[in-house]
Each structure stands twice: as structure tokens, then as C-alpha cells.
S.K.: 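I'd like to ask some things about the structure below.
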There are 2 protein chains.
Amino acid sequence: MKSTRPTIDDIARESGVSTGTVSRVLNGHSTVASRTRERVQDVIARLGYAPDPAARHLSWRTGQTLGISFERDDPVLHPYSVLFRRALEAHTAPQGVQLMDLRADLSRLTRLPSAVLVMHAMDGDPRLNFLRDRGVPAVLIGHQPDFFWVAPDDVGGAELATRHLTGAGHRQLAFLGQGPSQVAQDRERGALAAALTAGAQIISIASDFTVLGGYRAVRRAWESGVRFTGLFAQSDESAAGAVAALQDLGVNVPGQVSVVGFDGLPELPINLRLTTVAQDIPRIASTALTLVQEAIVGLPPRGEFIEVQLIRGATVAPFPGGKI
Amino acid sequence: MKSTRPTIDDIARESGVSTGTVSRVLNGHSTVASRTRERVQDVIARLGYAPDPAARHLSWRTGQTLGISFERDDPVLHPYSVLFRRALEAHTAPQGVQLMDLRADLSRLTRLPSAVLVMHAMDGDPRLNFLRDRGVPAVLIGHQPDFFWVAPDDVGGAELATRHLTGAGHRQLAFLGQGPSQVAQDRERGALAAALTAGAQIISIASDFTVLGGYRAVRRAWESGVRFTGLFAQSDESAAGAVAALQDLGVNVPGQVSVVGFDGLPELPINLRLTTVAQDIPRIASTALTLVQEAIVGLPPRGEFIEVQLIRGATVAPFPGGKI
DNA sequence: ATAGTGATTGTAACCGCTTACAATTTCGCA
DNA sequence: TGCGAAATTGTAAGCGGTTACAATCACTAT
């Protein structure tokens, strides 16, 4: 029963060709007859073969690297980035692919990575031109035509969250997180659209996505008389801050105000069963890696939205008269 | 000029032995005459040779793994953990050593790592026995006799921070962070000792090490009448929260209250030139890895404190009459 | 001296994959 | 139908280590 992983020899034998040919199929060398290529690929798929990264490394005399470029230099520490990076690592590490954190400024990189993941690129981001010029395959996290990209369905998720609140009977809503980033805008857009459709009022409160940012924004707003019974925050962290602020103000959550977050971070510092819209970070990461492969091979660019999912926690209650 | 990395053959030739012998030296096999061993080691050092991880991996049929066990399951997301992990990665990734995040509960690990880094072990931590029983080399981050360990000088750092405040003339101090962990206790101990020595008053305010935790604790304390002109926080994050709280209360920092943090996190979410006691995280990480090697080879356990350093930011001002 | 030991060291066969080069097959066309 | 060029495939030599096994060596007990 203790079968060992198949090697290139197994594939060669099983498909009646030489290891050289299998290797050529593996590396997309064009000098393989298509009939042969298909046969070999079938066998590879059937036997679930994957080339040993260490052996390739040894033979190539160099390993593969994947760069991650963040929009600014600091967000490396934000929980979402950390989780995303970790999800990537789960796939790349066993493949011997080394992750490199890239500063926002890509120019004068001593050694170019084999490919780059660009986080949250804005329109006309200089990083994109740079990579294009250098011929480095790139995949964006966030959506942008003419590129490989993958992103969570921010608009849809925001609608989902907002509908969850209106569905529970809330009519006075607030969106926490107004801001210039594509993500913030998409989420605000979805929230406003859903509120409009449901005939509910919604007010936007400016805030970054941090815990303290959410706390201060909500506390200030509430103290200055802003009122709502349902709050949708653009991030779980600001949602956590919002809950804390409301508690400190003597407002019961979810008794008086219901709160929904976004991201689905599993482990927030604050202990709280937050109702939230969860992103499928592992899936975003693995999709990104698939796209990287496609980009390297030179397929035409495409993008993909990854579905989000509502997680029912303990921070939403029906408004008197509404159902949850 | 484009010399290539030396290989095991270079070492063998240069020291007049066979590759087999070099390899045996490399792996600490006892069957090498000590004179030969030394000669080979000299050459290795002189030529700056390091075995190619990919080649070893191929030959061993398996790679090396280094586990990191956190004290609880969540702190994986805390900035300090992230930075520490990243510092480790900078060394391990090029070596082909794979980092594994370990849950606090180590039992029923499907595959044991080659060695484990244990973060913040408490006295009699069950993880330590587990590892000892399984014969897995372990290095602790934090200090504990009879083990390999490395830790920042928490007590000394706290003294440094506190003396910085008393030196600036402050006599009414507060320590933010009182808690049960070894780290919190060491830092509190250092702070109390230094305050005592300087003849200053100091009060402890309980708080976790998060931004919001610091914010709420300080705000509550201040609102209930607690007063101080110098605050030493056990973490940069809680220090940042404290500063925010004081600002919100209309207290000027550093005009009315001076604040010192701990950790030296380079990029806090809050924008702030914090005066802080910086840990040398890269050095802690590389020391930990050195100790891992020693533990694997079977040397006797030892520990090391890593110096900390005061970073003068913009959150400390002299108390009228004091000098800074 | 001399065979018998244990301690050291050298030799060479892998580990799994890539690739230059040689060998073979397939075709287009005279 | 025959020939050379092009297309395809096979062969084998590495890549940089590890390690089982054989070969030496230095001594000790006859």
C-alpha cells in the first residue's frame, strides 16, 4: 500500500516514450507531436504526477520566485495580507517556490521574480507598466480589464450584507468605511444599491479599515447624533471597533444596533462572534496561482470573481417587526 | 569575476579528501578523524561553502521543516508574530527549510517537524514535555532554564524606557499592560524597579497589548481620574491606542503626557513617531536558528538575551524642570 | 613478524529532472 | 521511387549532495 509518488520514469514507461519527451511535454517545448503530448498528459493526469521541485531546482540551477507587491509599503502587517500570504505559501512552499515581498516601488529590483502578484492595483498603476515592460508575468488581486486578475465579489458581498440587515427589518442603515480605494468603493456601491432597492435609508461614515479607526468613527458619529439600527462595516476590524464603541456608549449590540462586517477573518483580537461576509481567501490564493501559471505559459488574460459567503454570527438581530 | 558558488567537490579537492568525507563532516557523522574534520571545516569556512538545499532534499528524499508553535491559536496575526516569522523566513526560505505554523496543541501532529520554535512558553508548558518525549529539538522564544532559548531583554528594556521618562523629569508614571504573561510581568517588573530607583510614583493599568485595548484602558483610567505625566506601554500597539485616547480626551502628547512603547514595530497602522524600545527581531530570529542547529547537533542547551534599544520618537517631552 | 580489529576514507551508484546531441521517422518533391 | 530536410524522439551526461560498501591504515595480541 505504501506507494511512492510517481516519477518522470513512471510517466515515461506508462506512456511508452522516453523521459526526455515527458520532460519536454512538462515544459511546454513545442517540439513534441501533439498526439504524443496528449497521451503523455493523460498519463500525467491519471497518475497524478507532479515534478519534484527539488530536482527541477537542481537541474535548472535556480529556483522559482513569486513576488507580492502591496499597494503601499506598510500593509504587510494587516491581517488580510497576512492571511492571504499564508494561503499562498501553503501552495508555493511545497513547490519550492519562494515568496518575495516587494515594496510598492518595483524599480531597481536586483533580481526579477519569475512572476508577480499585484495587490489592489489602481487604474494606471505604474507597477503594471513596469512589469509589462520587463516581461514579468503579473496577476492582479482586484479587477482590471486586459490583465489576469482575481478578486472577491465585493459589490455582491456588500449587497448580501446590506440585504441581510434590511431583511431583518432595519431601515436606518450606516456604511462604515467610505474611502478612495477600489475595494472601499465597490463595497460602498453595493451597500448603497442594496439599501436603495430595499427602500432603506443609509448614511456613509468615513473610516479606515482598522479596529481603532472603526471605533473612533462610530463613537464620534454616534456622539454627534447620527443614528442607525443596522451597520455594515467595510472590514471585520472596523466592525469590531464599531461594536466596541457602541458598547462603550451603552448601546447594545445586537439589541439596539446590528452589525455586519466583511472579510471573514477567523481570529480577530477582539473576541466576538461577528456576523460577516467571508471571503474565500484560500480559493483566491489558489486561483491567483493558477492564473500565474497561465500567464507564464502565455495564455490570454482573464479574470475571475470569487464568491463570498454570509456568516451568521451574533451581532445581528431583527428589528422589531422584521424577520432575521 | 563571475565565480560560482563552491560545491562539495571544491571543498573536497581543496582539503585533499573525498566528497564522501566532506559530506560526513557536514552531517556530523562521528566517523571522521578530528584532524581531518578540522581541516575540512577550515576550508568550508574559508570558501564560504554552504550545501545546496535542493541537492540535499533530492538525496534525502525529503525536505527540512521548522515548526513554530504559538502560545495560543490566534496570535498568528499579531504584528510581532508576523514580523518574527518573516525574519525567520528570510533565512529559512533560501535554505529550503519549510516553516510550519503549529497550533498550540502539538499532539497528533501528522508529521513532526525537524525542529520547533516555541513562542512564549510558560513554566511547565505541556508542549515542552511533548517535544522532549518525541526527541524533537526545541528552542524557546522567552527564557527558561534547561532549554535552548533566546529572548529580548524585557526587564532591561522596561528599565530603559522608564528611566527615559524619569530622566525627562517625570514623577507621576503609569505602566500600561499589567497581565499574566511572562513578557508582561518582566516588563512591569522592570518598570516598577526603575521607577522605585528614581523615586518616582508609578501606577499599573491593566490592558492587553492591542491598540483598542490600550485606547480603552487609558481612556477609562483617565476619565476616572487617574493622572500621570509619563506612560510606558508594554507594546507599541497599546501605546498607539493610548496616544489616540489621550488625543480624544484633549490631552496633548507629548505636551501634557509623554508616552513610550515597546517592540519597535516599524509600521503601525496609526501614523505616529512613537518613542519606543526596539527589539532586534532579525537578530532574535537568526539567533534562534543558530540555536536550532546546536539543538539538532546535540550541544548542551544555552540561552541568550538580545539587547534592546531606545528609539527616540516624538512622544516624549521633558517635564518642566526635567531634561530629556 | 602476522593475522585480526576497529577506525578512517575513497568509490560509485543513486535521488528526479533537464537538455545537448545523436538517432530515427516522416514528408515534400524531383 | 528515392533523397535530403524537417520533425520528432531517444540517450546519456550532468546538477550537488548522500551513503552503502569496499578499501586502507594503524595498532594490538599472538
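Residue numbering restarts at 1 for every chain, and letters A, B, ... go by the order of the sequence lines. All heavy atoms count here, side chains included; hydrogens, waters and symmetry mates do not. Because the structure is predicted, anything quoted here is derived from the model rather than measured.
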S.K.: To the nearest Å, how far apart are A:R5 CZ and C:dG16 C1'?
M.R.: 10 Å
S.K.: So if I take every side-chain heavy atom of A:T7 and compare against C:dT18, C:dC17, D:dT9, which nucleotide ends up nearest?
M.R.: C:dC17
S.K.: Can you work out whether B:S59 or B:S34 has the more 5'-proximal nearest nucleotide on DNA chain C?
M.R.: B:S34
S.K.: Salt bridge (Lys or Arg N to Asp or Glu O under 4.0 Å) between A:D101 and B:R86: does it pass, once the steps are laid out?
M.R.: CA-CA 10 Å; A:D101 293 306; B:R86 200 141 308 176; 3.6 Å; yes
S.K.: If you take all heavy atoms of B:V277 and B:G157, which pair is closest and at what distance?
M.R.: CG2-O, 3.6 Å
S.K.: Report the C-alpha distance between B:D105 and B:R103 in whole Å, list the side-chain angles of each, state the deciding distance to 0.1 Å, and finish with yes or no for salt bridge (Lys or Arg N to Asp or Glu O under 4.0 Å).
M.R.: CA-CA 5 Å; B:D105 177 16; B:R103 316 255 72 180; over 6 Å; no
S.K.: Summarise protein proximity over nucleotides 20-27 of chain D in one line of letters, 5' to 3': B for base, S for sugar-phosphate only, - for none, counting protein heavy atoms closer than 4.0 Å.
M.R.: B-------
S.K.: With a 4.0 Å cutoff (strictly under), does any side-chain N or O of A:T36 reach OP1 or OP2 of D:dT9?
M.R.: yes
S.K.: Is any side-chain nitrogen or oxygen of A:S18 closer than 4.0 Å to OP1 or OP2 of D:dG10?
M.R.: yes
S.K.: Kindly state which residues belonging to residues 38-56 of chain A come within less than 4.0 angstrom of DNA chain C, counting heavy atoms of the residue only, listed by number.
M.R.: A:Y49, A:P51, A:D52, A:A55, A:R56
S.K.: What is the distance, to the nearest angstrom, from the CG atom on B:D9 to the C1' atom on D:dT18?
M.R.: 13 Å
S.K.: What residues form a salt bridge (Lys or Arg N to Asp or Glu O under 4.0 Å) with B:R132, not counting sequence neighbours?
M.R.: none
S.K.: For the residue pair B:G264 and B:D236, what are the closest heavy atoms and their distance?
M.R.: N-OD2, 2.8 Å
S.K.: Considering non-hydrogen atoms only, spot the tightest contact between B:P137 and B:S114 and give its length.
M.R.: CD-O, 3.3 Å
S.K.: Looking only at heavy atoms, which two atoms of B:T7 and B:Y49 are closest? And how far apart?
M.R.: C-CE1, 3.6 Å
S.K.: Checking side chain to side chain contact (heavy atoms under 4.5 Å, CB included) against A:I141, which of A:F84, A:W149, A:F70 comes through?
M.R.: A:F84
S.K.: For C:dT9, take OP1 and OP2 only and decide whether either is under 4.0 Å from a side-chain N or O of B:T31.
M.R.: no
S.K.: Round to the nearest Å and state the distance from B:N27 atom CG to D:dG17 atom P.
M.R.: 11 Å
S.K.: Take atom CH2 of B:W60 and atom C1' of C:dG16, then tell me their distance rounded to the nearest Å.
M.R.: 17 Å
S.K.: Regarding B:R24 and B:T36, is there a side-chain donor-to-acceptor distance under 3.5 Å anywhere?
M.R.: no
S.K.: Using only side-chain N and O atoms of A:S23, determine if any of them is under 4.0 Å from OP1 or OP2 of C:dT18.
M.R.: yes
S.K.: Base, sugar-phosphate, or nothing for B:V22, non-hydrogen atoms under 4.0 angstrom?
M.R.: nothing
S.K.: Closest-nucleotide mapping onto DNA chain C: is B:R61 or B:V17 further toward the 5' terminus? I mean the 5' end.
M.R.: B:V17
S.K.: Using atom NE2 of A:H29 as one end and atom P of C:dC17 as the other, report the distance to the nearest whole Å.
M.R.: 15 Å
S.K.: Let's see if you can work this out: which of C:dT9, D:dG16, C:dT18 has an atom nearest to the side-chain heavy atoms of B:A33?
M.R.: C:dT9
S.K.: In whole Å, what is the span from the CD1 atom of B:I8 to the C1' atom of D:dC15?
M.R.: 13 Å
S.K.: What integer distance in Å separates A:R13:CZ from D:dG10:P?
M.R.: 14 Å
S.K.: Looking at every heavy atom in both A:S15 and A:R39, which two are closest together, and how far apart are they?
M.R.: O-NH1, 2.5 Å
S.K.: Rounded to the nearest Å, what distance is computed from the NE2 atom of residue B:H57 to the P atom of nucleotide D:dT18?
M.R.: 13 Å
